[in-house]
Number of protein chains: 2
Amino acid sequence: MQQHLPTIIDIARQLGISKSTVSRALTAHPNVSAKTRQRVLELAEQLDYQRNQLAISLLTNQTRTIGIMVPEFISFFFPKVIIGAQEVLAEAGYNVVICHSNESYETEVENAKALLASRVDGLIVSHTKETRNFDHFRIFQRKGVPVVFFNRVCEDMNVSKVTVNDYDGAFRAIEHLIQTGRRRIAHLAGPDSLPNSRNRLNGYRDALRHYGIAEEPELVISYDLTLEKANIYVNHLLNLPQPPDALFTINDPTAIEALKVIKSRGLRIPDDIAIVGFSNDPISALVEPGITTVSQPVSEIGQQAAALLMEQITDKDNTVPPRTIVLETQLIIRGSTVH
Amino acid sequence: MQQHLPTIIDIARQLGISKSTVSRALTAHPNVSAKTRQRVLELAEQLDYQRNQLAISLLTNQTRTIGIMVPEFISFFFPKVIIGAQEVLAEAGYNVVICHSNESYETEVENAKALLASRVDGLIVSHTKETRNFDHFRIFQRKGVPVVFFNRVCEDMNVSKVTVNDYDGAFRAIEHLIQTGRRRIAHLAGPDSLPNSRNRLNGYRDALRHYGIAEEPELVISYDLTLEKANIYVNHLLNLPQPPDALFTINDPTAIEALKVIKSRGLRIPDDIAIVGFSNDPISALVEPGITTVSQPVSEIGQQAAALLMEQITDKDNTVPPRTIVLETQLIIRGSTVH
DNA sequence: CTGTTAGCGCCTTCAG
DNA sequence: CTGAAGGCGCTAACAG
């Protein structure tokens with residue numbers, strides 16, 4: 001049972017002074033005598049006094065809290081982004097509330113409402129793969145609470161965003177496969193609703209075209225990012241009359257699932273089929289062979305998102321327009337494509 | 001720039017009624033006419049009205065928010081625990097604030113202060129490996145805010161706890177190694193300050209004793225859980241005049257680090273040396289060979305911790321004493337110990 | 001340097 | 001069924 005917590009009034013009464021003076025002493029306000037401050041601080045210490053942030057937030061209309069919404073945080077990507085963002089936000093004196101939606105649109109909407117009700121000062125978001133309607137984020141914008149998207153961004157909202165050059169990353173991945181002799185390159189693509197999926201797919205297509213390789217529709221499969229489906233589609237590709245000699249997957253977990261399937265069928269990697277993933281998940285270096293992958297500057301994504309958010313928050317007059325930062329990727333070559 | 005958000009007063013004024021009535025309509029209080037409620041709800045919807053949780057929390061002295069503090073959340077363990085806890089807490093109508101300390105005691109203390117200031121209704125904690133002083137948690141207890149520990153627990157505090165049977169898990173891991181013919185079994189142990197490290201070490205020792213194998217002091221190394229040190233100590237063990245024929249590590253990341261070192265030296269696993277980890281990190285199934293490991297019911301740890309916390313929070317009269325739940329582990333046998 | 005007053009947004013008595 | 005008043009804990013003018 002929560003007991004009565006000491007307030008400035010308790011301190012004031014015990015010291016026979018007014019609560020304003022206590023408040024001033026506690027907030028290091030200049031207009032307090034050293035002696036009074038000393039007495040207040042001592043008693044506060046003794047009583048285990050802790051300022052009530054709720055009252056302050058209510059009064060000042062700012063919580064110094066930032067909400068971070070992600071679709072999941074089991075894979076390494078989102079936790080790393082969050083840590084990067086926290087570095088920057090902590091520096092600026094902001095706390096962080098993390099919400100994950102388990103890729104559920106409904107949960108995402110609920111989380112957004114909770115964050116709005118608790119009056120966060122800003123929002124950093126990567127939305128679920130189900131999200132088509134962005135009204136729950138638009139409310140923030142309408143209320144003057146800055147929003148920054150990263151990774152999965154809403155193209156229709158005029159807010160700051162941080163992405164990576166997915167197109168270029170995919171292009172160079174495919175280029176690498178072609179240069180190492182592959183010709184039937186399959187692509188396990190993400191949902192068409194996600195801009196980063198589309199960009200990677202476009203990079204794939206343009207690379208094939210650039211090198212004069214005809215795209216085979218049967219080699220491009222868009223799926224829902226679940227490993228169950230990944231498993232099914234990899235098997236499907238391998239069962240084709242003319243199976244692919246390379247596979248480019250939307251992310252590393254999928255690449256690893258593919259690796260498992262391929263190995264279980266007794267095929268050799270990279271001899272029979274090469275694999276390229278995306279994101280450089282630490283796991284991709286640990287499996288055998290290591291997975292060639294497109295690395296993203298994960299922690300920098302978080303830092304930049306936080307920086308863009310702070311830019312909007314400190315911009316009291318709304319003079320700084322939202323910006324989009326696109327970070328570059330890097331191809332990490334491992335044993336899944338070359339010996 | 002944050003603009004003025006609509007309040008019940010705005011609604012009251014526009015409707016020409018009092019704010020009390022608006023409040024009643026919004027909170028589904030019985031004493032409001034259906035028509036009035038209807039009008040209020042409509043206008044609220046139209047204005048995008050969102051209750052100010054800060055004001056409510058200040059008034060009711062409860063935030064319906066639970067703080068979860070973990071030392072890190074890059075590995076799969078803590079995120080999974082958090083998700084498990086969230087399931088239970090969401091069900092009970094509680095929100096969650098997640099803090100990670102990066103294994104830094106200082107950050108942990110700061111986070112605790114921030115959570116106290118923001119008046120969380122309860123705390124779920126796994127502390128850093130540096131934490132020796134638990135005063136920052138005792139404050140919560142003293143203030144009547146329930147605390148539940150999991151995984152890394154403070155033995156001196158009389159609060160609810162969730163752990164696994166580390167002793168038994170370790171015992172059976174060593175038993176398995178002995179039964180598969182190993183005799184020089186090394187143990188890379190965690191810091192002596194962590195009870196779960198000590199319990200695993202004791203399980204290791206008792207298993208050796210039980211099977212009449214003398215413990216070799218040179219085969220037991222306590223270290224700080226960093227992979228750099230793990231690397232050094234694995235090399236050290238392999239350089240011994242009589243190297244071990246098995247290695248039991250405090251966790252799976254360490255086991256995988258060991259696996260890398262061992263393979264890079266051209267030794268065969270499990271023929272030359274066997275490895276057993278702890279926790280059943282998904283990665284341990286993906287490396288080659290798969291790592292034999294002691295599985296913990298991760299998500300259940302979170303669920304139980306949340307349940308114990310709710311038990312304390314709902315116990316208004318302080319009649320329910322804190323409880324400790326010890327969950328059982330399971331030995332998962334893979335290629336790192338047997339063919 | 002200190003005290004007084006007002007108010008942040010809301011819920012909850014207490015009167016009508 | 002509705003309105004008025006009080007107060008949660010704190011800060012920020014405004015007076016002394």
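Each chain gets a letter, A, B and so on, in the order its sequence line appears, and its residues count up from 1.
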Undergrad: Which part of the nucleic acid, if any, lies within contact of B:Ile9, taking any heavy atom under 4.0 Å across all strands shown: a base, the sugar-phosphate backbone alone, or nothing?
TA: nothing
Undergrad: B:Arg13 CZ to D:dG3 C1': how many Å, rounded?
TA: 16 Å
Undergrad: So, using salt bridge (charged side-chain N to carboxylate O under 4.0 Å, His left out) as the criterion, who are the partners of A:Asp156 when residues are at least two apart?
TA: none
Undergrad: Does C:dG3 have OP1 or OP2 under 4.0 Å away from a side-chain N or O of A:Ser18?
TA: yes
Undergrad: Please report, rounded to the nearest Å, how far the P atom of C:dG9 is from the CG atom of A:Leu116.
TA: 14 Å
Undergrad: For the ring pair B:His127 and B:Phe150, is the centre-to-centre distance below 6.0 Å?
TA: no
Undergrad: Indicate every side-chain donor-acceptor pair of residues 75-95 of chain B with a distance under 3.5 Å to a residue at least two apart or in another chain.
TA:
from: B:Ser75; atom 1: OG; to: B:Glu72; atom 2: OE2; distance (Å): 2.8
from: B:Gln86; atom 1: OE1; to: A:His100; atom 2: NE2; distance (Å): 2.5
from: B:Glu87; atom 1: OE1; to: B:Gln303; atom 2: NE2; distance (Å): 3.0

Undergrad: Output all residues satisfying salt bridge (charged side-chain N to carboxylate O under 4.0 Å, His left out) with A:Glu155, sequence neighbours left out; order by chain, then residue number.
TA: A:Arg198
Undergrad: Can you measure B:Asn31 atom CG to D:dA4 atom P for me and round it to whole angstrom units?
TA: 17 Å
Undergrad: If I take atom CD in residue A:Gln62 and atom P in nucleotide D:dT11, what distance separates them, rounded to the nearest angstrom?
TA: 13 Å
Undergrad: CZ of A:Arg119 versus C1' of C:dC8: gap in Å, rounded?
TA: 11 Å
Undergrad: When the distance from CD1 of A:Ile8 to P of C:dT2 is rounded to whole Å, what number comes out?
TA: 15 Å
Undergrad: What are the atom names and distances for every N/O pair under 3.5 Å that joins the protein to nucleotides 12-16 of chain D?
TA:
from: D:dA12; atom 1: N6; to: A:Ser20; atom 2: OG; distance (Å): 3.3

Undergrad: Return the set of residues passing side chain to side chain donor-acceptor pair (under 3.5 Å) with A:Thr107 (not counting sequence neighbours), or none when no residue passes.
TA: A:Ser104
Undergrad: Would you please name every residue forming a side chain to side chain contact (heavy atoms under 4.5 Å, CB included) with A:Glu311, sequence neighbours left out?
TA: A:Leu308, A:Val320, A:Arg323
Undergrad: Can you list everything that forms a side chain to side chain contact (heavy atoms under 4.5 Å, CB included) with A:Ile139? Sequence neighbours excluded, please.
TA: A:Leu116, A:Arg142, A:Lys143, B:Asp48
Undergrad: Identify every side-chain donor-acceptor pair in residues 11-22 of chain B under 3.5 Å, counting partners at least two apart or on other chains, and give the distances.
TA:
from: B:Ser18; atom 1: OG; to: B:Ser20; atom 2: N; distance (Å): 3.4
from: B:Ser18; atom 1: OG; to: B:Thr21; atom 2: N; distance (Å): 3.4
from: B:Ser18; atom 1: OG; to: B:Thr21; atom 2: OG1; distance (Å): 3.2

Undergrad: Could you tell me how far apart A:Ile17 (CD1) and D:dC10 (P) are, to the nearest whole angstrom?
TA: 14 Å
Undergrad: Would you say a side-chain N or O of B:Ser33 is under 4.0 Å from OP1 or OP2 of D:dC1?
TA: no
Undergrad: Using five base pairs at each end, measure the axis-to-axis angle across the helix from C:dC1-D:dG16 to C:dG16-D:dC1 and round it to 10 degrees.
TA: 50°
Undergrad: For B:Leu58, what residues pass the side chain to side chain contact (heavy atoms under 4.5 Å, CB included) criterion, not counting sequence neighbours?
TA: A:Asn52, A:Ala55, A:Leu58
Undergrad: So, using salt bridge (charged side-chain N to carboxylate O under 4.0 Å, His left out) as the criterion, who are the partners of B:Glu103 when residues are at least two apart?
TA: B:Arg152
Undergrad: Taking CG from B:Asn61 and P from C:dT12, how many angstroms apart are they, rounded to a whole number?
TA: 13 Å
Undergrad: Looking at A:Leu54 and B:Ser57, what are the two nearest heavy atoms and their distance?
TA: CD1-CB, 3.6 Å
Undergrad: Quick check on contacts: within residues 51-58 of chain A, what sits under 4.0 Å from DNA chain C by heavy-atom distance?
TA: A:Leu58
